[in-house]
Each structure stands twice: as C-alpha cells, then as structure tokens.
Chemist: 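Following this message is one structure expressed as structure tokens.
Basis for what follows: all heavy atoms, side chains included, without hydrogens, waters or symmetry-related copies. What you see is a predicted model; the values in this text were computed from it and never measured.
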Amino acid sequence: MITLAIAADHAGFPLKQKLMNLDEYLWDDHGTHSTDPTDYPILARSIIPEVLSNRCAFGVLICGTGIGMSIAANRYKGIRAALCFNSEMAYLARTHNDANILVLGARTISDDVAVECLKTFATTSFEEGRHLGRIHLLDIY
Ligand code: RB5
C-alpha cells in the first residue's frame, strides 16, 4: 500500500477528510484539522520534505481553487505540483510532467471528480522518453 502526504487549508478540509476515507492508501496527514481559517502556504510547505525525500509516493494539496497551493508548492526545487480538474489532466500530469504533487480545488470540482483524479494520478507512471529532458530543465535556474 502506498503512503500519501496530504494537507489542506480550511477550504479543502472537508475534501481532505473524504479522500482520507479511501482505504487503499496510507495517509500522512499534515492538517489542517478543522474549517477554522488557516494559511495555505504553511500547509503546502508542510508536505514538501515528505515528497522530496520519497517518504511518500506523492503529495496531495487542497485549497479552495487549488491555485494558492500550486503557487506555494511549485516554489520548491524538485516539486512538480499539478492542479488537476479532471482525470485526463491527472493522467497527463503523471505521464508528461512526472508530477509529484496532485493539487485539487475543493470549491471548483466535485468530490467524485477529486477521487477520480486521485485514483488516476496514483496508478499512472511517468512516460520518460522525450519528457525526461524537459523535467530536468525545470530545475535549472
Ligand atoms: C481561502 O478562502 C482560499 O483563498 C484558498 O483556499 C485558496 O483557494 C487560495 O488559492
């Protein structure tokens, strides 16, 4: 069973709790733990060490739109966080971008679509080939 690091802000908290009911994954929950207002950059940062060290298979970040979490997570070298709003995007995020964090917008997609995105992301491998050099170019700055 794979372990997934997960974090959400207050807007993403209810969806985080729903995803964590999926018992085909082990969950490393970094919060938040209620709908009390919190700050997405802090929650995003909390899972970065788990992802970069490969202690988890990949990370999941959730906020209202997914935009704040995407901006925050992609500031860290080695992180490829992909905001997905359907399973095709989740598939392409893995096959083309070797994304290591799935970002979801709790206020912009349904819970069912979020689950589909997660399942696709978890079962899809990086294609490598022509995409490998592009991934390496991301970290040259
Ligand atoms: C919180 O209201 C909201 O701004 C946050 O969850 C997120 O959507 C930011 O990008």
Side-chain angles (χ1 to χ4, degrees), residues 1-35 37-141:
M1 204 180 285
I2 59 173
T3 299
L4 309 182
I6 190 166
D9 73 355
H10 52 288
F13 169 74
L15 177 57
K16 174 171 75 72
Q17 300 312 109
K18 273 204 177 137
L19 295 184
M20 288 178 57
N21 283 331
L22 298 171
D23 56 14
E24 57 259 58
Y25 311 107
L26 292 172
W27 295 98
D28 178 13
D29 181 12
H30 289 251
T32 187
H33 302 292
S34 76
T35 54
T38 184
D39 301 315
Y40 62 81
I42 293 166
L43 277 307
R45 189 186 311 142
S46 72
I47 71 161
I48 303 303
E50 311 309 321
V51 175
L52 292 179
S53 66
N54 292 314
R55 281 195 290 273
C56 62
F58 61 89
V60 180
L61 289 172
I62 312 167
C63 63
T65 58
I67 294 171
M69 285 295 198
S70 301
I71 293 169
N74 280 313
R75 290 184 173 225
Y76 298 91
K77 189 171 182 174
I79 292 297
R80 294 176 299 278
L83 173 57
C84 298
F85 46 81
N86 58 48
S87 60
E88 185 187 3
M89 291 183 76
Y91 178 82
L92 291 168
R94 290 290 308 124
T95 54
H96 286 200
N97 309 111
D98 197 20
N100 50 15
I101 295 183
L102 170 66
V103 186
L104 299 167
R107 292 174 176 162
T108 56
I109 59 170
S110 69
D111 292 355
D112 287 348
V113 169
V115 170
E116 280 173 24
C117 288
L118 175 64
K119 290 188 172 177
T120 301
F121 199 92
T123 52
T124 306
S125 300
F126 181 41
E127 258 178 30
E128 301 195 1
R130 70 189 191 279
H131 304 295
L132 198 54
R134 295 166 186 164
I135 298 303
H136 290 145
L137 284 170
L138 288 170
D139 287 329
I140 298 171
Y141 54 83

Chemist: At what distance, to the nearest 0.5 angstrom, does OH of Y40 lie from CG of L61?
Modeler: 12.0 Å

Chemist: Working note: V115 + K119, criterion side chain to side chain contact (heavy atoms under 4.5 Å, CB included); need CA distance, chi angles, decisive distance, verdict.
Modeler: CA-CA 6 Å; V115 170; K119 290 188 172 177; 3.8 Å; yes

Chemist: Could you go through L118 and Y25, starting from their C-alpha distance and side-chain angles, then the distance that decides it, and tell me whether this counts as side chain to side chain contact (heavy atoms under 4.5 Å, CB included)?
Modeler: CA-CA 11 Å; L118 175 64; Y25 311 107; 3.9 Å; yes

Chemist: Could you pull out the closest heavy-atom pair between V51 and I101, with the gap in Å?
Modeler: CG2-CG1, 4.0 Å

Chemist: Between S87 and C117, which heavy-atom pair has the shortest distance, and what is it?
Modeler: N-SG, 4.0 Å

Chemist: Please report the closest heavy-atom contact between T108 and T65, naming both atoms and the distance.
Modeler: OG1-O, 3.9 Å

Chemist: Is a donor on one side and an acceptor on the other found under 3.5 Å between the side chain of N97 and the backbone of A99?
Modeler: no

Chemist: Under 3.5 Å, side chain of T124 to main-chain N/O of F121, donor-acceptor pair present?
Modeler: no

Chemist: Minimum heavy-atom separation for C63 to G68, with atom names?
Modeler: SG-N, 3.9 Å

Chemist: Roughly how far, to the nearest 0.5 Å, is the CD atom of E116 from the OG atom of S110?
Modeler: 7.0 Å

Chemist: Measuring from atom CZ of R55 to atom CD1 of I47, what distance do you get when rounded to the nearest 0.5 angstrom?
Modeler: 12.0 Å

Chemist: Would the distance check show the side chain of W27 and the main-chain N or O of L22 forming a donor-acceptor pair, the cut-off being under 3.5 Å?
Modeler: yes

Chemist: If you round to the nearest 0.5 Å, how far is CD1 of I48 from CD1 of I79?
Modeler: 4.0 Å

Chemist: Side-chain contact, heavy-atom cut-off 4.5 Å: R75 with I71?
Modeler: yes

Chemist: What is the minimum heavy-atom distance between H96 and I135, and which atoms define it?
Modeler: O-CD1, 4.0 Å

Chemist: Taking all atoms of both residues into account, what is the closest heavy-atom pair of H10 and T38, and its distance?
Modeler: ND1-N, 3.2 Å

Chemist: Show your working on side chain to side chain contact (heavy atoms under 4.5 Å, CB included) between H131 and T95 and close with a plain yes or no.
Modeler: CA-CA 8 Å; H131 304 295; T95 54; over 6 Å; no

Chemist: Are there over 12 heavy-atom neighbours, none belonging to E127, within less than 6.0 Å of that residue's CD?
Modeler: yes

Chemist: To the nearest 0.5 angstrom, please state how far the CE atom of M20 sits from the CG atom of L4.
Modeler: 10.0 Å

Chemist: Measure the spacing between CG of N54 and OG1 of T3 and express it to the nearest 0.5 Å.
Modeler: 12.0 Å

Chemist: Of the options D28, D29, D9, D111, which is the one that meets K16 in a salt bridge (Lys or Arg N to Asp or Glu O under 4.0 Å)?
Modeler: D29

Chemist: When you measure from the side chain of N74 to the backbone N and O of A81, does any donor-acceptor pair fall under 3.5 Å?
Modeler: yes

Chemist: Heavy-atom distance under 4.5 Å between the side chains of I6 and I62, does that happen here?
Modeler: yes

Chemist: Within the supplied structure, the quantity of interest is the number of heavy atoms (other residues, nucleotides, ligands) at a distance under 6.0 Å from F85 CZ; does it exceed 12?
Modeler: no

